[in-house]
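Written out below as structure tokens is the structure these notes cover.
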Number of protein chains: 2
Amino acid sequence: MTLKKVVRKSLSEAVFDQLSEEIVHGNMEPGQRLPAERELCEALGVNRGACREALQRLAQAGLISIQHGGSTKVLDYRASGGLDLLGRLLFRPDGGFSIQVARSILEMRAALGPDIAALCARRAKPELKGQLREVVTALSAAGEDLNQRQLLGMRFWDLLARGSGNIAYQLANNTLRKTYEKIRHVLTELMRDELLDHKSHQAIAEAIFRGDDLSAKHVTRGLLEKGTSRMLQFLARFEKAQNKESKT
Amino acid sequence: MTLKKVVRKSLSEAVFDQLSEEIVHGNMEPGQRLPAERELCEALGVNRGACREALQRLAQAGLISIQHGGSTKVLDYRASGGLDLLGRLLFRPDGGFSIQVARSILEMRAALGPDIAALCARRAKPELKGQLREVVTALSAAGEDLNQRQLLGMRFWDLLARGSGNIAYQLANNTLRKTYEKIRHVLTELMRDELLDHKSHQAIAEAIFRGDDLSAKHVTRGLLEKGTSRMLQFLARFEKAQNKESKT
DNA sequence: CCAAGAAAACTGATCATACCAGTTGACCAG
DNA sequence: CTGGTCAACTGGTATGATCAGTTTTCTTGG
């Protein structure tokens, strides 16, 4: 039996979810006016405070623009949204996930990963190296437990991002991790090869231990490119099938 | 005469700014309890609604964790913050900016840029190529007007990110652009060489026009590495001077 | 004395209502 | 056509009450 954490949603969060979903996947055009707060909260059956909290959050996410006295307008999320939108974009209303967004994430990962590893090799402090060693040890002990390997993989990348001394990488990694956590269970089998490639993970760690940035970058690139191309290949086939299906 | 847009801040935004500044640059430890809403709004002299709006936004930014019934706790922004934190991290309380954060941003830009250009060369549609051509034309007409070249440069990168067909790059670019807009005026002279390197910009555009991804990547890497290393060099000198100063 | 359970105190969540403040657009005088 | 006035609309602030969870404290039965 696997127990799942009960999610309790506040009203403002429910409103936020509904509106952002409507903006991202619905039929709201950029520039379109949102109903006035008083109308909106009446239509949604919630008090104005909850409604305002949601609207403020939407504005922070770059999905709407609020102007005192004027009306609230929908923005083009592609031009003003932040990286945290990835999670919402990835999942489609029908329950599946967007292949285009998944590809985007994989490409970004492949572009950043090697540089993160290289910087980590150059800058990591002894304490972090120790933690990294523990993760590698745990990885070699995890055997073929793919779920466990995914969790350790996240920790692996968290450490690399931290060790890179690059705060932008750390923050981007935070966002990507949050997105990954939501989708990793459907990717488990697809990532099998990458997850089981213990040799690469070990080689990256060892390159970092000895401060060999070039080697760290090179091995990381190999690991990610192999995993990425494999997943992209699969996604492309999947996409084709999906298109064919949607044409019927 | 240069007119600057008047900024009007709402109460909730002021509270948000103050608290996030306190968390990021102040002395609040992760795990520390925030005062209860009722105390907080009294201490700040604002109503509870404004206070709650700010707290909800802080939670969305990954700076605090709110729990119904329990108390609100400060999180470790390095482990849970999103990329939009960059802007706040970049600027220090004393008015200057953090060299470490600036370096991070430059490194990220250097890692992403070449891949963005390559993907754009592979995927850009005719319409986007047309817009890109206009920007390049405008750049060649801008002469040595560095301010104008900065603006066109932003547009240049916006187009590349959009043309890459990679939504993650677009969203990351949005965040980086927002940060850049806040600091670009102090970087103008420092970026002189990069801004005036019209040859590289033109070469990137032309590589994109003919779908030559490898060339686009290569030229972009050259442009960014040159600009980055120059700025990093300067920042390193600056950092040294700053350290020396802080020791006295 | 201790552990289980009830009660109290505390915290965030929701609600209703009133009023303040900025924007917009229609209208009118010059 | 310009500038000003005013009414209607929109978001912002304020207050006070109540609901709903969590944490702490205290009681109680063993």
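The figures here come from the full heavy-atom set of this structure, side chains too, leaving out hydrogens, waters and symmetry mates. Below, chain A is the first sequence line, B the second, and so on; all start at residue 1.
Checking the phosphate oxygens (OP1, OP2) of D/dG12, no side-chain nitrogen or oxygen of A/Gln67 falls inside 4.0 Å.
By the 4.5 Å heavy-atom criterion applied to side chains, A/Arg123 and A/Leu128 are not counted as neighbours. The shortest distance between side-chain heavy atoms of B/Phe16 and B/Leu55 does not fall below 4.5 Å.
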Distance-only criterion, 3.5 Å: show the donor-acceptor pairs between side-chain atoms of residues 131-144 of chain A and protein atoms not counting sequence neighbours.
unit_1: A/Thr137; atom_1: OG1; unit_2: A/Arg133; atom_2: O; d: 2.8
unit_1: A/Ser140; atom_1: OG; unit_2: A/Thr137; atom_2: O; d: 2.8
unit_1: A/Glu144; atom_1: OE1; unit_2: A/Arg192; atom_2: NH2; d: 3.0

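Backbone-only engagement by B/Glu39 is indicated by non-hydrogen atom pairs under 4.0 Å involving sugar-phosphate atoms exclusively. Residue contacts for B/Gln56: at a heavy-atom cut-off of 4.0 Å it reaches the sugar-phosphate backbone alone, with no base atom in range. Residue B/Ile66 is classed as a sugar-phosphate contact, given heavy-atom separations below 4.0 Å to backbone atoms only. Among the heavy atoms of the strands lying under 4.0 Å from B/Gly70 are primed sugar atoms or P, OP1, OP2 only; no base atom is included. Heavy atoms of A/Ala50 sit nowhere under 4.0 angstrom from any nucleic acid atom.
B/Gln32 contributes a side-chain N or O that, together with a main-chain N or O of B/Glu29, makes up a donor-acceptor pair within less than 3.5 Å.
Note: CZ (B/Arg52) to C1' (D/dA14) measures 15 Å, nearest angstrom. In this structure, B/Arg57 atom CZ and D/dG12 atom P are separated by 11 Å, rounded to whole Å. For B/Leu44 and D/dT13, the CG to C1' distance is 15 Å, given to the nearest whole Å. Look at CG on A/Leu55: it is 12 Å from C1' on D/dT10, rounded to the nearest Å. Between A/Leu34 atom CG and D/dT10 atom C1' there is a gap of 12 Å when expressed in whole angstrom units.
Among residue pairs with one or both ends in residues 55-67 of chain A, those qualifying as side-chain hydrogen bond (donor to acceptor under 3.5 Å, both in side chains) are A/Arg57-B/Gln60, A/Gln60-B/Arg57; sequence neighbours excluded. The salt bridge (charged side-chain N to carboxylate O under 4.0 Å, His left out) pairs that include a residue from residues 161-180 of chain B are B/Asp158-B/Arg177, where partners are two or more places apart or lie in different chains.
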When you compare the protein's N or O atoms with those of nucleotides 18-20 of chain D, which come within less than 3.5 Å of each other, and at what distance?
unit_1: D/dA20; atom_1: N3; unit_2: B/His68; atom_2: NE2; d: 3.2

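For A/Asn27, the CG atom counts as loosely surrounded, since its 6.0 Å shell holds 12 or fewer non-hydrogen atoms of other residues, nucleotides or ligands.
Nearest-nucleotide assignment on DNA chain C puts the 5′-proximal partner with A/Leu11, out of B/Arg8 and A/Leu11.
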Item to check | Derivation and outcome, side-chain hydrogen bond (donor to acceptor under 3.5 Å, both in side chains), residues B/Ser20 and B/Arg88 | outcome: CA-CA 8 Å; B/Ser20 58; B/Arg88 186 163 302 275; 3.1 Å; yes
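Along DNA chain C, read 5' to 3', the first and last nucleotides having any atom under 4.0 Å from a heavy atom of chain B are C/dT11 to C/dT23.
Taking the side chain to side chain contact (heavy atoms under 4.5 Å, CB included) definition, one finds that A/Leu190 meets it with A/Leu187, A/Met231, A/Phe234, sequence neighbours left out.
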